[in-house]
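Here the structure comes first, spelled out in structure tokens, and everything after it is commentary.
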Amino acid sequence: MAEPLPRLRFAPSPTGFFHVGSARTALFNWLVARKTGGTFVLRIEDTDAERNSDQWVDGILSAMRWIGIDWDEGPYFQSERGDLYTAAIDRLFATGMAYRCTCTSDEVRLRNAANFGAAEAERGYDGYCRNLELGEGAVRFRTPDTGSTTVVDLIRGTPTFDNTKIEDFIIRRSNGGVMFLLANVVDDIDMRITHVVRGEEHLPNTPKALLLWQAIAPDLALPVFAHVPVLVNEKRQKLSKRRDKVALEDFRDLGILPEAMRNYLCLLGWSATDDREMLSVQTMIDEFRLEDVNSSPAFFDLAKLTSMNAEYIRLLSVDDFIERVRPFLPAAWADSVVLRHLAPLLQERVRLLPDVATMIDFFFDAPVMEPDAWIKTMTGSAAPAAHHMIEGFIAGAAVTPWLADDLKLLVERVGAGIQLKLGKAQAPLRVAVTGRTVGPPLFESLELLGVEETIHRLRVAQARLD
RNA sequence: GGCCCCAUCGUCUAGUGGCCUAGGACAUCACCCUCUCAAGGUGGAGGCACGGGUUCGAAUCCCGUUGGGGCUGCCA
């Protein structure tokens, strides 16, 4: 009989912004599903009513769409599947695998400290209520007292855990709410999940999940796991929503292209067989293998992401480029002939989408003169050249066709009069017209700006000269 | 403290016992090209954490040390 097609799931909890680590986990799951022809399930793990909100659910969905990850089933909501969990817990009671417990965590800590010494306070639940047959309280799962549990992990081999170290963990709160581990396993069983691809931080939970799985569905084959390494910050700590900038939408707002983000994320812990880094989605799907994922943590490097983003921006068609920058520009700028004509030159110079704004702003408003730019090109020893270039250019402009190539020749000729090469000769003109020493190619810019406005700006600068 | 995971340039990685004088990319430095800035080109600096084994031979296998990380919740 043929091996059944893989079924994978991405199971985020809607407790905050969708972050890059989640995005990578989702991507890896998705890639495996698409590669194998399997099924990718989206499941929202919202069992903790106090921390969840619809806002975050929307955030997850839109972030996944943004980065181009679609799902075949779901989203399922655990908050709507309570009956399933109750039934599972009832069966565990029936087989003696579950029991009630009324201990508080402080009580457990105190007992542990008293019985094993202060250093042992955190050793976990001590089994106090195991045989009390209480009628109320939280529900715990009875873990084996002997043997060991082995996780089959495509990335990490077969980590094995001593069952005596696995405490009787809680599967339902005293308020009736079901816990992550229980809901997670019941759903994985119900949805016939075959591959669990998730963050490394879940590895210590996995033996518990396996034990639960065997108690609830002893006849169903255990899933294969792949615990992907965590993403870390510059201090090599796990990326956290609290202290690190990690929300996917922050990068979108920064001007990162979704295809760049997806490509970069894919390369965090995995690489193609040769030196290729710019990978199409199809290439990722064709070549990605969980077995090849690295087992060590990866630093999320914005510089590298940005560089890759620049490369993707250069690949865009002019029309696409204009549409992508549109959200970052005033509508009039986005629709302007200036942007359309300069687009290819801009694409080569921009690393982040919003960079376009500071490169073309001088077309739409009077230039905002940067003090350093003015000092460097217009004052002191630079002043005579500035005078000469501006005067000469204004004079020559009257008899020069207003085209980039002709303007370039004009500046060359005027500059030659005082032994200035084009690089030096254009500097004061650029600053006078744009307010900056850097920007898009000058002569194309002047052609678009027009003779009238150019001359006007030159005269304004001229009047300001010492 | 306990359990578990991890360890190649600053960063992401290639490398699965000889092809390694350890390759690529980002970042960085220099030069070339050049109307500024980019882009592009050329070149440089920069790494197998340490100590023991195994082997004719180790970045690659084993053990230990050190270092880092994760988990240790009636969160997920």
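Nothing here was measured: the structure is a model prediction, and the numbers come from that model. Labels below follow one simple rule: chain letters A, B, ... track the order of the sequence lines, proteins then strands, and each chain is numbered from 1.
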Starting at atom [atom1] of [X], determine the distance to atom [atom2] of [N], rounded to an integer number of angstrom.
X	N	atom1	atom2	answer
A/Leu410	B/rC35	CG	P	15 Å
A/Arg276	B/rC26	CZ	C1'	19 Å
A/Lys421	B/rU34	NZ	P	10 Å
A/Arg430	B/rA38	CZ	P	12 Å
A/Asn163	B/rG2	CG	C1'	16 Å
A/Glu234	B/rG69	CD	P	13 Å
A/Leu279	B/rA14	CG	C1'	14 Å
A/His202	B/rC71	NE2	P	9 Å

Pairwise [atom1] distance for [N] and [M], with rounding to whole Å:
N	M	atom1	value
B/rA58	B/rG1	C1'	37 Å
B/rU72	B/rA59	C1'	34 Å
B/rG2	B/rG44	C1'	49 Å
B/rC56	B/rG67	P	35 Å
B/rG70	B/rC62	P	25 Å
B/rC26	B/rA7	P	25 Å
B/rU28	B/rU11	C1'	12 Å
B/rA49	B/rU42	P	31 Å

Is the distance between the ring centroids of A/Trp270 and A/Phe288 less than 6.0 Å?
-> yes
Between [options], which nucleotide has the shortest distance from any of its atoms to the side chain of [X]?
X	options	value
A/Val230	B/rG69, B/rU36, B/rA39	B/rG69
A/Phe161	B/rA76, B/rA7, B/rC4	B/rC4
A/Thr47	B/rA76, B/rC71, B/rC5	B/rA76
A/Phe180	B/rG70, B/rU11, B/rA76	B/rA76
A/Ser13	B/rC26, B/rC5, B/rA76	B/rA76
A/Ser307	B/rC4, B/rA27, B/rU13	B/rA27
A/Ser296	B/rG24, B/rG1, B/rA7	B/rA7
A/Lys165	B/rC5, B/rG2, B/rG70	B/rG2
A/Asp275	B/rU13, B/rG24, B/rC37	B/rG24
A/Glu122	B/rC35, B/rG1, B/rC75	B/rG1

Over all strands shown, is [X] touching base, sugar-phosphate only, or nothing at heavy-atom distances under 4.0 angstrom?
X	answer
A/Cys266	nothing
A/Gly423	sugar-phosphate
A/Phe443	base
A/Glu348	base
A/Glu45	sugar-phosphate
A/Asn205	base
A/Gly117	nothing
A/Ala427	nothing
A/Pro229	nothing
A/Leu267	sugar-phosphate
A/Pro297	sugar-phosphate
A/Leu442	base
A/Met179	sugar-phosphate
A/Arg351	sugar-phosphate

Flag the pair [X] and [Y] as a salt bridge only when some basic side-chain nitrogen lies within less than 4.0 angstrom of an acidic carboxylate oxygen.
X	Y	answer
A/Asp106	A/Arg111	no
A/Arg351	A/Asp355	no
A/Arg43	A/Glu45	yes
A/Lys165	A/Asp162	no

Under-3.5 Å donor-acceptor pair between [X] side chain and [N] base:
X	N	result
A/Ser174	B/rC74	yes
A/Arg349	B/rU36	yes
A/Arg51	B/rC75	yes
A/Glu444	B/rC35	yes

Is it the case that the side chains of [Y] and [X] hold a donor-acceptor pair, with the cut-off being a distance below 3.5 Å and no angle test?
X	Y	answer
A/Ser148	A/Asn163	no
A/Arg198	A/Thr206	yes
A/Asn263	A/Tyr312	yes
A/Asp187	A/Tyr85	yes

Exam field: side chain A/Arg314 to backbone A/Gln347, donor-acceptor pair closer than 3.5 Å | no
Parallel, tilted or perpendicular: which fits the ring planes of A/Phe18 and A/Phe10, with parallel below 30° and perpendicular above 60°?
-> perpendicular
Where each residue is assigned the nucleotide of RNA chain B containing its nearest heavy atom, which of A/Gln78 and A/Asp301 is assigned the position nearer the 5′ end?
-> A/Asp301
Does anything in residues 374-381 of chain A reach RNA chain B, meaning a heavy atom under 4.0 Å, and if so which residues?
-> none
Can you name the one residue among A/Arg142, A/Lys208, A/Arg140, A/Arg130 that meets side-chain hydrogen bond (donor to acceptor under 3.5 Å, both in side chains) with A/Asp168?
-> A/Arg130
